[in-house]
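Just so we're on the same page: letters track the sequence lines, and every chain starts at 1. What you are looking at is a predicted structure, and each value in this text was computed from that prediction instead of being measured.
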There are 2 protein chains.
Amino acid sequence: MSVPHLSESTEMYLKAMVELSGTEAVMIGRLAERLNVTPVSANEMVRRLGEQGLVSHKPYKGVTLTEKGNEVACNVIRRQRLWECFLYDHLKIEWSQVYEFACSLEHATAPQVTEALANFLGNPQTCPRGNPIPDKNGSFIPLDGILLSEAKVGDTVTILAVNATATDVLKYLQEKNILPGQKMTVLEAAPLQGPLMLKVGSKEVALGLSLAEFVIVKSNR
Amino acid sequence: MSVPHLSESTEMYLKAMVELSGTEAVMIGRLAERLNVTPVSANEMVRRLGEQGLVSHKPYKGVTLTEKGNEVACNVIRRQRLWECFLYDHLKIEWSQVYEFACSLEHATAPQVTEALANFLGNPQTCPRGNPIPDKNGSFIPLDGILLSEAKVGDTVTILAVNATATDVLKYLQEKNILPGQKMTVLEAAPLQGPLMLKVGSKEVALGLSLAEFVIVKSNR
DNA sequence: TGGAATAATAAGGTCAACCATAACATTTGG
DNA sequence: CCAAATGTTATGGTTGACCTTATTATTCCA
Ligand SMILES: [Mn+2]
Ligand SMILES: [Mn+2]
Ligand SMILES: [Mn+2]
Ligand SMILES: [Mn+2]
């Protein structure tokens, strides 16, 4: 009847593809990096995913999700983000740890449990990191924002979402108060990939550019 | 630092040992049966578990959990039963399906999540099937009851727990109202391993002996 | 007490998901 | 436009957790 249960590894590859680029092609190197495997391993895995019709790989051009692969990926993301809500809102787990714990649970969650959980939570629209939660069919409204790293000096922005997944990165951002809903002003952008100087609340914060790439913001007017 | 994460398979072998016999030795054949693998496979796995110091195997005498193995097993059971509570009480999942869904989640649950969940649930003492939930240290008070299959004709008993794990068995028992808390009377025990005739509420129910072995009861007075 | 049932061991496979090393292909920026 | 960086493919390994078939050992009860 249903899908013969995809492995955790399979689900993580598909999810990583969406997290890395939405619907764009992803280079195997990026995938490998994200998943902490060698490029050769990622290549092999992509071949297997291709054989299952989940991705299509154009050599030297990157990997893209098929319709089917995208559906699976969005479903994993739905489970992931629903668990994030539960862990944060009900179990009172640390904001910075919620992603990693949810990332285990997501692979152990049957469709019936997913839907019962969504219902229990009141069908939330966003996770604690600010990202939209796909609906049962996998569709969701992408955030209408820009990367903080692309904001202009002088801009005052509101954080829509934090896209980091590594616990240490999340912890660092949490400490600096870089959280969804937070307003801040870009005071200065240092040259040579230098840090952004931000005014967050009453504090000045220096944020490395690559960290700023994890932050999705909306310009205020 | 902590244990290097035991595989799902490892956790299931250890849990099965407790479920099958508490602290008694388990024959590899029973283990194999329960886990749906061949005896040869169970043997190999038991060897690996032995190498990790989780069990000790006396050929022809059965397998027993070491101290360490028992601790792990009880911890898995704790996670399992806490999830059963959550799924049943909060997500309103079917009683008969709760075990199988919890049996996936149990392997994906970090200690921090386990404790936060216990707290959220109000540190329940029993799961929906009536079994005690081990505390953080793995200790729990075993049920003080007998198998329904050993009850005498004429006995009136109260169901303490249902130890079945297969969803179809649980569904069958649920349909017959064989549930924790239920009172019933043993009307007749057919010869030659024949079924027990029970008076459950206002209904008469015929229950096969091997099914009755899943039911733990307490004689009323 | 001897044979059937059960258990254990041996031997040889499979499969998914990783690894390393090496050779080769393509892209791309300086 | 060419060389370095990146990506791909080929080979050959490993590990855990399964499998089958065959042989041997033990138990235990009729
Ligand atoms: Mn995950
Ligand atoms: Mn399980
Ligand atoms: Mn072998
Ligand atoms: Mn090979």
Side-chain angles (χ1 to χ4, degrees), chain A residues 3-17 20-21 24-65 69 72-73 76 103-104 106-108 192-193 210, chain B residues 3-17 20-21 24-64 69 72-73 76 103-104 106-108 192-193:
Chain A
V3 190
H5 185 60
L6 301 167
S7 70
E8 170 161 348
S9 191
T10 295
E11 290 191 340
M12 287 305 285
Y13 272 81
L14 301 179
K15 188 179 81 161
M17 289 184 59
L20 284 171
S21 79
E24 311 280 291
V26 189
M27 287 318 245
I28 281 184
R30 313 291 102 247
L31 250 189
E33 218 172 75
R34 165 65 72 107
L35 295 165
N36 257 291
V37 297
T38 63
V40 177
S41 295
N43 231 290
E44 287 171 8
M45 186 65 180
V46 162
R47 186 186 38 73
R48 280 190 294 266
L49 296 175
E51 284 163 1
Q52 295 173 261
L54 295 166
V55 303
S56 108
H57 179 204
K58 300 237 176 69
Y60 301 101
K61 300 297 173 189
V63 195
T64 47
L65 289 164
V72 173
V76 178
C103 188
S104 295
E106 65 191 356
H107 312 290
L192 293 169
Q193 323 276 33
S210 49
Chain B
V3 190
H5 185 59
L6 302 168
S7 70
E8 171 160 348
S9 191
T10 294
E11 290 191 340
M12 286 306 284
Y13 272 81
L14 301 179
K15 188 179 81 161
M17 288 184 60
L20 283 171
S21 79
E24 311 280 292
V26 189
M27 287 318 242
I28 281 186
R30 313 287 103 248
L31 252 188
E33 217 172 74
R34 164 66 73 108
L35 295 165
N36 257 291
V37 296
T38 63
V40 177
S41 296
N43 231 291
E44 286 172 8
M45 187 63 181
V46 163
R47 185 186 39 70
R48 281 189 292 267
L49 295 175
E51 283 162 3
Q52 295 173 260
L54 295 167
V55 303
S56 108
H57 179 205
K58 300 235 176 69
Y60 301 101
K61 299 298 173 189
V63 195
T64 47
V72 173
V76 178
C103 188
S104 296
E106 66 191 355
H107 312 290
L192 293 170
Q193 322 276 33

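The CE atom of B:M27 sits 13 Å away from the P atom of D:dT26 (whole-angstrom rounding). Rounded to a whole Å, the CG atom of B:N43 is 13 Å from the C1' atom of D:dA25. Nucleotide D:dA5 holds its C1' atom 14 Å from the CD atom of A:E33, rounded to whole Å. When the P atom of C:dT27 is taken as reference, atom CZ of A:R30 falls 17 Å away, rounded to whole Å. Atom pair A:R47:CZ and D:dT11:P shows a separation of 13 Å (rounding to whole Å applied).
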Each nucleotide of nucleotides 15-25 of chain C classed B (base within 4.0 Å of a protein heavy atom), S (only sugar-phosphate) or -, in 5' to 3' order, makes --BBBBB---B
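An angle of 10°, rounded to 10°, separates the two end axes of the helix from C:dT1-D:dA30 to C:dG30-D:dC1, each defined over five pairs.
Applying the 4.0 Å criterion to OP1 and OP2 of C:dA8, one finds that B:H57 has a side-chain N or O inside that range. Using a 4.0 Å cut-off, no side-chain N or O of B:K61 falls inside it from OP1 or OP2 of D:dT26.
Two residues are said to be in side-chain contact when any heavy atoms from C-beta on lie closer than 4.5 Å; A:L54 and A:R48 fail this criterion. No side-chain heavy atom of B:M27 sits less than 4.5 Å from a side-chain heavy atom of B:V63. Looking only at side-chain heavy atoms (C-beta outward), B:M45 and B:M12 stay at 4.5 Å or farther from each other. Two residues are said to be in side-chain contact when any heavy atoms from C-beta on lie closer than 4.5 Å; A:V37 and A:Y13 meet this criterion. A:E8 has its side chain out of reach of A:S104: every pair of non-hydrogen atoms, C-beta onward, lies at least 4.5 Å apart.
Atom CG in A:L65 sits 13.5 Å away from atom NZ in A:K15 (nearest 0.5 Å).
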side-chain contact (heavy atoms from CB on, under 4.5 Å) between A:K58 and A:T64: does it pass, once the steps are laid out? CA-CA 8 Å; A:K58 300 237 176 69; A:T64 47; 5.9 Å; no
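At a threshold of 4.0 Å, the pair B:R47-B:E51 counts as salt-bridged, since one of the basic side-chain nitrogens sits closer than that to a carboxylate oxygen.
Take B:Q193 and apply the side chain to side chain donor-acceptor pair (under 3.5 Å) test, not counting sequence neighbours, and it matches no residue.
Listed nucleotides: C:dA7, C:dA8, D:dT8. Nearest to the side chain of A:I28: D:dT8.
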